[in-house]
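One structure is given below, encoded as structure tokens.
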2 protein chains.
Amino acid sequence: MSLRMALLGLLSVKGPASGYDLAKKFEISLNHVWQAGHTQIYPELVKMAADGLVDAGSEGARGRKTYTITPEGTRRLHEWMIEHAAVGVTRSEVALQAFMLPLLGRDDAIAVMERIRAGFQRRLAMLEGQSPASFGAYALRLGLAQAQVSLQWADEVLAELRDSAG
Amino acid sequence: MSLRMALLGLLSVKGPASGYDLAKKFEISLNHVWQAGHTQIYPELVKMAADGLVDAGSEGARGRKTYTITPEGTRRLHEWMIEHAAVGVTRSEVALQAFMLPLLGRDDAIAVMERIRAGFQRRLAMLEGQSPASFGAYALRLGLAQAQVSLQWADEVLAELRDSAG
DNA sequence: CGACTCATGTAATTGGTTACATGATTAG
DNA sequence: CTAATCATGTAACCAATTACATGAGTCG
């Protein structure tokens with residue numbers, strides 16, 4: 001359902017788009033929030049058209065199909081936003097490795113934490129490169145705050161590990 | 001693979017356990033990091049036994065089966081920790097709703113944000129109820145830091161929405 | 001004896017990833 | 001002409017959820 005809603009959201013804000021366009025938007029603007037490749041997007045758009053949430057326009061150049069959100073699609077998106085209590089379920093490989101960190105010796109633990117730290121650093125840099133004035137500004141600010149605090153956590157853990165006897 | 005590693009981690013630290021025990025541990029100590037129900041755990045343990053990562057003991061009372069990690073299981077877990085670069089992939093319904101918040105009018109947006117805020121509040125309370133001295137201390141601290149900063153973000157967004165003209 | 005917890009499983013379905021496959025158009 | 005980008009799709013597989021199903025032991 002979330003993929004569906006993400007697609008409706010993009011179509012709602014950015015206007016009519018092809019599956020290809022939407023896949024691009026997932027890569028750039030939505031990347032920190034939700035991910036989907038074209039292999040998931042194309043079939044989903046077909047189902048959404050069958051359900052009357054989008055209109056599939058006629059084929060353009062290179063077989064391009066442009067989808068437009070329908071009033072019913074807009075209605076369903078708003079309904080979902082207002083009624084669906086988003087589940088804050090987290091499945092984080094990083095947190096899992098952090099959980100099990102005490103299984104490793106000091107040096108291995110430091111190496112793992114440095115890799116994790118680098119990941120947070122990369123993520124932060126990616127988010128800082130995004131335009132803060134755009135549509136997804138609230139989500140961007142959340143992502144930035146979380147990335148910053150995670151990086152800080154990694155630094156603290158690294159400092160503790162380095163202070164500990166080897 | 002992550003489920004497998006989480007199971008090996010639990011068996012490694014807490015000693016031999018049944019699928020039932022492991023499902024309980026997922027609910028309590030590991031809940032903020034990874035989730036898995038018994039319907040996923042039982043078949044996975046069978047596969048892990050076939051792959052030599054765990055030993056399935058003989059059946060006890062009420063058909064209880066106690067699994068023990070093997071040396072090969074320990075080896076594979078350490079290997080994964082050290083070599084597998086955890087992907088920081090995030091798929092958050094909350095962030096998705098935040099992303100699309102501008103689609104809603106002021107009052108609906110406030111209602112959605114209040115619900116999101118309550119979710120973070122609950123999560124924070126849950127984490128604060130966990131023993132900070134236990135095995136998963138590092139992951140717990142990360143979870144707490146992220147929950148706190150998320151709650152702060154929600155408060156800021158709510159203040160902005162309330163200040164804005166209705 | 002009835003309710004609860006312990007304990008294990010299967011089947012169907014949904015969601016998501018990886019690999020494979022094809023062809024049109026554009027820029028150099 | 002050829003490499004890159006545009007553009008769409010299918011098939012196989014892996015991961016996860018929901019629903020269904022069963023039975024043993026324990027507490028009141």
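Sequence lines set the chain letters: A, B, ... in the order given, protein chains first and strands last, and positions in each chain run from 1. Values below: every heavy atom of this structure, side chains too, minus hydrogens, waters and symmetry copies.
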Separation of dG16(C) P from M1(A) CE (nearest whole Å): 11 Å
Co-membership, hydrophobic cluster, residues F99(B) and W34(A), 4.5 Å side-chain: yes
Of residues 39-48 of chain A, the positions that come close to DNA chain D - non-hydrogen atoms, cut-off under 4.0 Å: T39(A), Y42(A)
Would you mind reading off the distance between E93(A) atom CD and dC14(D) atom C1', rounded to a whole angstrom? 14 Å
Taking DNA chain C as the partner, which of residues 14-24 of chain B come within under 4.0 angstrom of it by heavy atom? S18(B), G19(B), Y20(B), K24(B)
Atom CE of M5(B) and atom C1' of dA15(D) are separated, to the nearest Å, by 15 Å
Taking E114(A) first and then R162(A), would you say they form a salt bridge - that is, a charged N and a carboxylate O separated by under 4.0 Å? yes
With sequence neighbours left out, what residues match E27(B) under salt bridge (charged side-chain N to carboxylate O under 4.0 Å, His left out)? none
Through direct or indirect side-chain contacts below 4.5 angstrom among Ile, Leu, Val, Met, Phe, Trp and Tyr, which residues connect to Y42(A)? Y20(A)
With D155(B) via salt bridge (charged side-chain N to carboxylate O under 4.0 Å, His left out) - residues at least two apart: R117(B)
Just to be sure I understand the geometry, which residues of residues 27-37 of chain A put a non-hydrogen atom under 4.0 Å away from DNA chain C? W34(A)
Does V33(B) offer a backbone N or O that forms a donor-acceptor pair with the side chain of R91(A) under 3.5 Å? no
Report the distance from atom CG of L3(B) to atom P of dA16(D), rounded to the nearest whole Å. 6 Å
Do any N or O atoms of the protein come closer than 3.5 Å to N or O atoms of nucleotides 24-28 of chain D, and which pairs are they?
residue : atom : partner : partner atom : Å
dG25(D) : O4'  : R62(B)  : NE           : 3.4

Taken in chain and number order and not counting sequence neighbours, the residues that satisfy salt bridge (charged side-chain N to carboxylate O under 4.0 Å, His left out) with R64(A) are D21(A)
In Å and rounded to the nearest 0.5 Å, what is the CD1 to CG distance from I82(B) to D108(A)? 3.5 Å
Could you go step by step and tell me if Q97(A) and R115(A) meet the side-chain hydrogen bond (donor to acceptor under 3.5 Å, both in side chains) rule? CA-CA 11 Å; Q97(A) 290 194 340; R115(A) 195 179 57 210; 3.3 Å; yes
Check salt bridge (charged side-chain N to carboxylate O under 4.0 Å, His left out) between R75(B) and all other residues, then give those that pass, not counting sequence neighbours. E72(B), E79(B)
Y67(B) vs R91(B), nearer the 5' end of DNA chain C by closest nucleotide: Y67(B)
Using whole Å, report how far NE2 of H38(B) lies from P of dT10(C). 11 Å
Distance, rounded to the nearest Å, where D51(A) contributes CG and dT14(C) contributes C1': 14 Å
When rounded to whole Å, the NZ to P distance for the pair K25(B) and dC6(C) reads 13 Å
All side-chain contact (heavy atoms from CB on, under 4.5 Å) counterparts of E44(A), not counting sequence neighbours: L3(A), R4(A), L7(A), K47(A), M48(A)
Table please: side-chain donor-acceptor pairs of residues 129-142 of chain A below 3.5 Å, with sequence neighbours left out.
residue : atom : partner : partner atom : Å
Q130(A) : NE2  : I28(A)  : O            : 3.1
S131(A) : OG   : A133(A) : N            : 3.4
S134(A) : OG   : S131(A) : O            : 3.3
R141(A) : NH1  : E160(B) : OE1          : 3.2
R141(A) : NH1  : E160(B) : OE2          : 3.4
R141(A) : NH2  : E160(B) : OE2          : 2.7

Test your reading of the model: is there a side-chain donor-acceptor pair from T70(A) to the backbone of L53(A), 3.5 Å cut-off? yes
In whole angstroms, the gap separating C1' of dT14(C) from CZ of R4(A) amounts to 12 Å
Please name all residues satisfying side-chain contact (heavy atoms from CB on, under 4.5 Å) with S92(A), sequence neighbours left out, ordered by chain then number. T90(A), V94(A), A95(A)
